[in-house]
Participant: 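Just dropping this structure here.
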Amino acid sequence: MLRRTAKGEYLMSEITLKKERPKHLDLRVIKQPIPAIASILHRVSGAGLFLMLPFLIYLLQLSLESPQSFETFKAVAGHPLAKLVLLGLLWAFLHHFCMGIRILLLDLNMGTDLQPARTSAKAVLAVSLVLTAILGVKLW
Amino acid sequence: MVKEIIVGAHYGLKDWLAQRITAAVMAVYTLLVAVLLLGQERLTYESWRGFMAGGFMRFLTFLFVVSLIWHVWVGVRDIWMDYVKPTGVRLALHTLTLLALVGCLGWAVSIIWRL
């Protein structure tokens with residue numbers, strides 16, 4: 001039984017405690033809102049860039065060391081598999097970049113309402129994909 | 001009377017701030033390099049090396065690399081703290097991450113400093 005105040009009203013704290021709140025925390029069942037998808041992709045892209053960091057530094061080294069190593073760089077970067085990986089990393093970088101800008105703006109209290117936050121999350125997903133396509137075509 | 005006593009912990013503010021400052025540094029560098037390079041027609045070894053070897057450019061690239069490594073450290077440490085609960089495993093992952101990042105820092109800096 002819920003306790004009541006002298007006026008007969010239910011105590012707010014009691015109601016909050018007794019109310020059975022539905023829990024939908026199973027990631028395979030719940031549908032993620034767009035900002036959540038953009039957010040987890042920020043983490044995934046960051047982790048991917050971290051894991052591939054040695055490869056990227058290696059490419060930087062090849063490209064700068066000598067004219068011979070520059071040729072090796074072109075051969076390595078031109079390999080179909082490497083191109084696929086680099087395209088993925090290009091997307092990861094661009095998504096991480098765009099999402100980072102969004103986070104910085106949110107920190108400045110810009111676009112924190114629900115609708116602008118949804119719109120900006122969609123924009124991040126779209127812009128990073130479009131830029132990946134444009135730069136991907138331009139670079140290869 | 002409730003009196004909050006906040007001592008002996010940083011509550012992550014320093015890391016939070018570092019993550020944003022390093023992000024801003026990298027964003028500016030990225031846009032600058034993108035504007036300077038995408039305007040060029042075809043990059044040869046000479047033009048690419050000349051571009052990266054400039055004194056000011058090396059200064060900026062150094063700042064970028066330091067920002068990057070710092071940024072990655074905060075970010076990856078957050079990932080381990082979110083998903084890895086056993087203290088021993090987490091400590092090992094933190095240590096390995098830090099060692100790998102310090103190594104990458106030295107490697108990348110040596111590349112740009114040898115130019």
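Just so we're clear, the structure is a prediction, and the values are computed from it rather than from any experiment. Proteins come first, then strands; the chains are lettered A, B, ... in the order of their sequence lines, and each starts at number 1.
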Participant: For a quick test of reading the model, state the closest non-hydrogen atom pair linking Phe70(A) to Leu43(B) and the distance between them.
Facilitator: CZ-O, 4.2 Å
Participant: Taking the side chain as every heavy atom from C-beta outward, state whether His96(A) and Met26(B) have any atom pair closer than 4.5 Å.
Facilitator: no
Participant: Is chain B contacted by the side chain of Leu49(A), its backbone, both, or neither, given a heavy-atom distance below 4.5 Å?
Facilitator: neither
Participant: Is it the backbone or the side chain of Leu135(A) that comes under 4.5 Å from a heavy atom of chain B, or both, or neither?
Facilitator: side chain
Participant: Tell me whether Val28(B) shares a hydrophobic cluster with Ile103(A), the cluster being built from Ile, Leu, Val, Met, Phe, Trp, Tyr side chains joined at under 4.5 Å.
Facilitator: no
Participant: Treat each ILVMFWY residue as a node, draw an edge where side-chain heavy atoms are under 4.5 Å apart, and state whether Met52(A) and Leu60(A) are in one component.
Facilitator: yes
Participant: Just checking Trp73(B): does its CH2 atom have more than 12 heavy atoms from other residues, nucleotides or ligands closer to it than 6.0 angstrom?
Facilitator: yes
Participant: For Leu53(A), is it the side chain, the backbone, both, or neither that has a heavy atom closer than 4.5 Å to a heavy atom of chain B?
Facilitator: side chain
Participant: Side chain from CB out, backbone as N, CA, C, O: work out which of these in Ser110(B) comes under 4.5 Å of a heavy atom of chain A, or both, or neither.
Facilitator: neither
Participant: Is it the side chain or the backbone of Lys74(A) that comes within 4.5 Å of chain B heavy atoms, both, or neither?
Facilitator: neither
Participant: Under a 4.5 Å heavy-atom cut-off, does chain B meet the side chain of Glu71(A), its backbone, both or neither?
Facilitator: neither
Participant: Tell me which of these, Ser63(A), Ala47(A), Gly46(A), has more heavy-atom pairs under 4.5 Å with chain B than the rest.
Facilitator: Ser63(A)
Participant: Let me check something: do Phe73(A) and Leu84(A) share a hydrophobic cluster, defined by ILVMFWY side-chain heavy atoms less than 4.5 Å apart, either directly or through other members?
Facilitator: no
Participant: Can you check whether Arg114(B) reaches Leu64(A) side chain to side chain, under 4.5 Å on heavy atoms?
Facilitator: no
Participant: Answer whether the closest heavy-atom distance between the side chains of Leu101(B) and Phe50(A) falls below 4.5 Å.
Facilitator: yes
Participant: Using heavy-atom distances under 4.5 Å, tell me whether Ile69(B) contacts chain A through its side chain, its backbone, both, or neither.
Facilitator: side chain
Participant: Should we count CZ of Phe62(B) as having more than 12 external heavy atoms under 6.0 Å?
Facilitator: no
Participant: Using heavy-atom distances under 4.5 Å, tell me whether Tyr58(A) contacts chain B through its side chain, its backbone, both, or neither.
Facilitator: both
Participant: Among Ala23(B), Ala100(B), Ala27(B), which residue forms the greatest number of heavy-atom pairs with chain A at distances under 4.5 Å?
Facilitator: Ala27(B)
Participant: Is it the case that over 12 heavy atoms from other parts of the model lie below 6.0 angstrom from the NZ atom of Lys31(A)?
Facilitator: no
Participant: To the nearest 0.5 Å, what is the distance between CG (Leu139(A)) and CG (Leu38(B))?
Facilitator: 7.0 Å
Participant: Could you tell me which portion of Trp16(B) (side chain, backbone, both or neither) has an atom closer than 4.5 angstrom to a non-hydrogen atom of chain A?
Facilitator: side chain
Participant: If only atom types and distance count, is the side chain of Tyr45(B) paired as donor or acceptor with the main-chain N or O of Glu65(A) below 3.5 Å?
Facilitator: yes
Participant: Relative to chain A, which segment of Ile79(B) carries a heavy atom at a distance below 4.5 Å: side chain, backbone, both, or neither?
Facilitator: both
Participant: Before accepting this row, confirm whether a basic side-chain N of the pair Arg43(A)/Asp78(B) lies closer than 4.0 Å to the acidic partner's carboxylate O.
Facilitator: no
Participant: Is Leu104(A) reachable from Leu31(B) through a run of I, L, V, M, F, W or Y residues, each pair having side-chain heavy atoms under 4.5 Å apart?
Facilitator: no
Participant: Taking non-hydrogen atoms and a cut-off under 4.5 angstrom, which of residues 106-119 of chain A neighbour chain B?
Facilitator: Asp107(A)
Participant: Can you confirm whether Phe51(B) is buried at CZ, in the sense that more than 12 heavy atoms of other residues, nucleotides or ligands lie under 6.0 Å from that atom?
Facilitator: yes
Participant: Say whether Phe97(A) and Leu51(A) are linked into one hydrophobic cluster, either directly or through other cluster members, by side-chain heavy-atom distances under 4.5 angstrom.
Facilitator: yes
